[in-house]
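Take a look at the structure below.
Proteins come first, then strands; the chains are lettered A, B, ... in the order of their sequence lines, and each starts at number 1.
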Number of protein chains: 2
Amino acid sequence: MSQPKSKPPLEPEGAVPKAVVNRLSLYLRELLRLVRDGHQTTSSSHLGNLLGFTDAQVRKDLAYFGHFGYPGIGYRCQELIDAIRRILGTDRFWPVAMVGVGNLGRALLGYKGFGQQNFRIVAAFDVAADKIGESIDGVPVHPLDKLTEVVRQQRIKLGMVVVPASSAQTVADKLVAAGVEGIVNFAPVTIVLPPTVNLVGVDLAMELEQLSFAVVNRGNVVPANDD
Amino acid sequence: MSQPKSKPPLEPEGAVPKAVVNRLSLYLRELLRLVRDGHQTTSSSHLGNLLGFTDAQVRKDLAYFGHFGYPGIGYRCQELIDAIRRILGTDRFWPVAMVGVGNLGRALLGYKGFGQQNFRIVAAFDVAADKIGESIDGVPVHPLDKLTEVVRQQRIKLGMVVVPASSAQTVADKLVAAGVEGIVNFAPVTIVLPPTVNLVGVDLAMELEQLSFAVVNRGNVVPANDD
DNA sequence: TAGATTGTTAATCGATTAACAATC
DNA sequence: TAGATTGTTAATCGATTAACAATC
C-alpha cells in the first residue's frame, strides 16, 4: 500500500474476463493493419468502430492492464501493439507441439499466421510409421512415444491436438504430463484437464452449426409479427 | 394475441444469446457420445457436469426452445438430439461453398466432421489455373468467376472463406451477393458484412494467443499477495 | 408413496455502456 | 485557448445461479 515507485508494467490487478483477452487479440490484429496502412495513432472510438465495439469498451479493456493512451490524442499504434504483445505474451517466442499429422495437421504445419505472432510448431507427433521421420514444412515428425522426451527437452508449453476424437483425451493427458500448460483441441470431443491447464476448443462443425441456426432463425429474433 | 391452437414447434420466443446457441452445439455433441455409449436418458445435472456447466444453465438454455424434459426422469437422449438438431437446423442438408484451395482449404475438403452434422462442401473455388477443374475429395474446384452462378444454382446458403487476408473481404462480398447468408472466415482479418449475414471468424493464431496470455498470467488471476 | 428432476421465477452476479472530470 | 480524447465511476443491462412448486 506504500506508494509504488514505478507502475507494475503489464499485469492486471485482478481476474480478467476471457472476452477481454479475446478482444485484445482483435485490437492487436487491427492495429497491425492500421500501421501497415500508414496510421500513426488511433482512438478508442476509431478502433471500436472498426471492430463493432463501443469506445467505452475499448478503453475499459485496455485499462485492465495500464494507461496506454494520451488524453486528447488517443493511442500511438505501434506503442499499443507493443503493449498488447507484452500482455498476450507474444513478445516472446513460443515453441508449439502438434500431435496428429493428418490432413488438418499438415495444413497447420504450413500455416504462416503462427510465425507472425511468434508461435512456431517445432515438433509434430504421430503413431503412423510411414509419417514418422519425415520432415514436413521443416518440422520433424516424431513417434508419439517420444512426446514426453521432446516436449520436456524443448520446454514446450503449448500443444495442439489434431487427432481423432477417440484419442484426443489420451493425447492431451500426455501433453500435460510432459509439461504443456495450454492446449488447442481440434478434435470434436470434450476433453477434461486439470484446472491449471488452459484449453481452447476449435470444432469446425460447431462453427457451421452456429450459422445454420442463424439462417434458420432469420427474422425470428425480433418479436415476430404473429401471422 | 388470440390463443394459439398448437405451440410453434422449435422456435424461440425472442432473441437467443449467442452463448446459448454455442452451448446447444456442445450439448448435441455430448448427447451423441452418450447415445453411442449406450445411455438412454440423461439429466440437466449429468449433462452439465460433463461439460462444466450448472444444471440450471442446461435447463434454462433448453427452455428457450420448448419443454424437452420429463420431471422426475430427465431427458431422453435421442429425443433431445432430434430436438437440438431441429433447433440448429442440422436436421436438413446444408450445401456449403468454399473459397480458397490452399493447404487449409484442402484439409477442410477432406474433413469428415462436417458430413456427420449434415453439412457438405459441394463446390470449391480458386483463382489458380492449375487447381481449377481438379476434383478434390470429390469436390469440384471451379474458377472464382463461376462463384455467383454455382452458388445461385445450387441455392447455397453457407460459405467458408479460406483465402489470404488481402482478398477475404472481396470474396465474402461475392458470396453475399450470390445469396450466401452465413460465412465462416478463416482469414486473419476483420471483414464487414450486411447485418443480415451471419459471420463466424476462426483465427488460428488468436487461439494460441489466448493460451499464451493464460500461461504468462498463471496465478496472477487471484488478487495477488502484494509482495 | 418417496425420490428425482423438470421448468420457471426471483436473486445474484458480472459485463457493458454512459457520463464526465482530468488532461493534452 | 478550444477541441479532442482519455481513464474511471456509476448506472444499466444481460446472463447465470439458486430455489422451489409442479410433476412423474
- Message: Measuring from the side chain of Tyr75(B) (C-beta onward, heavy atoms only), which nucleotide among dT5(C), dG7(C), dT16(C) has the closest atom?
- Response: dG7(C)
Every protein N/O within reach of nucleotides 21-24 of chain C N/O, cut-off under 3.5 Å:
| from | atom 1 | to | atom 2 | distance (Å) |
| --- | --- | --- | --- | --- |
| dC24(C) | O4' | Pro71(A) | O | 3.3 |

- Message: Let's go through Gln78(A) and Asp82(A) carefully: what are the C-alpha distance in whole Å and the side-chain angles of both, what is the deciding distance for side chain to side chain donor-acceptor pair (under 3.5 Å) to 0.1 Å, and is it a yes or a no?
- Response: CA-CA 6 Å; Gln78(A) 189 57 56; Asp82(A) 293 345; 3.1 Å; yes
- Query: Is it true that a side-chain atom of Asn118(A) and a backbone atom of Thr90(A) form a donor plus acceptor pair closer than 3.5 Å?
  - Reply: yes
- How close or far is atom P of dA4(C) from atom CG of Leu47(B), stated in whole angstroms? 19 Å
- Write down the distance between NE2 (His67(B)) and C1' (dT5(C)), rounded to a whole number of angstrom. 15 Å
- Return no unless some side-chain N or O of Arg76(A) is found under 4.0 Å from OP1 or OP2 of dT5(D). no
- Gap between atoms OH and C1', on Tyr64(B) and dG7(C) respectively (whole Å): 14 Å
- For the pair made of CZ in Phe65(B) and C1' in dT6(C), what is the distance, rounded to whole Å? 18 Å
- Note on the structure: Sorted by number, residues from residues 52-61 of chain B placing a heavy atom under 4.0 Å from DNA chain C are Arg59(B), Lys60(B)
- Task: Check for a donor-acceptor pair, side chain of Arg29(A) on one end and backbone N or O of Val189(B) on the other, with a separation under 3.5 Å.
- Result: yes
- Query: Which part of the nucleic acid does Ser45(A) contact within heavy-atom distance under 4.0 Å: base, sugar-phosphate only, or nothing?
  - Reply: nothing
- Whole angstrom value for the distance that separates P of dT6(D) from CG of Leu80(A): 10 Å
- Task: With pairs defined as Watson-Crick or G-U wobble and both distances under 3.5 angstrom, please note down DNA chain C as a dot-bracket string, | for pairing with another strand.
- Result: ..||||||||||||||||||||||
- Query: In whole angstrom, what separates Leu62(A)'s CG from dT16(C)'s C1'?
  - Reply: 15 Å
- Query: For Tyr75(A), does its backbone N or O pair with a side-chain atom of Thr41(A) as donor and acceptor, under 3.5 Å?
  - Reply: no
- For the side chain of Gln210(A) and the backbone of Asn22(B), is there at least one donor-acceptor N/O pair under 3.5 Å apart? yes
- Query: Is any side-chain nitrogen or oxygen of Ser44(B) closer than 4.0 Å to OP1 or OP2 of dT6(C)?
  - Reply: yes
- Message: Apply side chain to side chain donor-acceptor pair (under 3.5 Å) to residues Glu30(A) and Thr190(B) and explain how you reach the verdict.
- Response: CA-CA 8 Å; Glu30(A) 209 60 29; Thr190(B) 304; 2.7 Å; yes
- Query: Between Asn217(B) (side chain) and Phe213(B) (backbone), is there a donor-acceptor pair under 3.5 Å?
  - Reply: yes
- Give a yes or no on whether a salt bridge exists between Arg59(A) and Asp55(A), defined as a side-chain N under 4.0 angstrom from a carboxylate O. yes
- Give a yes or no on whether the backbone of Gly89(B) and the side-chain of Trp94(B) come within a donor-acceptor separation of less than 3.5 Å. yes
- Query: With a cut-off of under 6.0 Å to the ring centre and 45° to the axis, is Arg76(A) in cation-pi contact with Tyr70(A)?
  - Reply: yes
- Item | Whether Phe53(B) and Tyr27(B) hold their rings parallel, tilted or perpendicular, with breakpoints at 30° and 60° | perpendicular
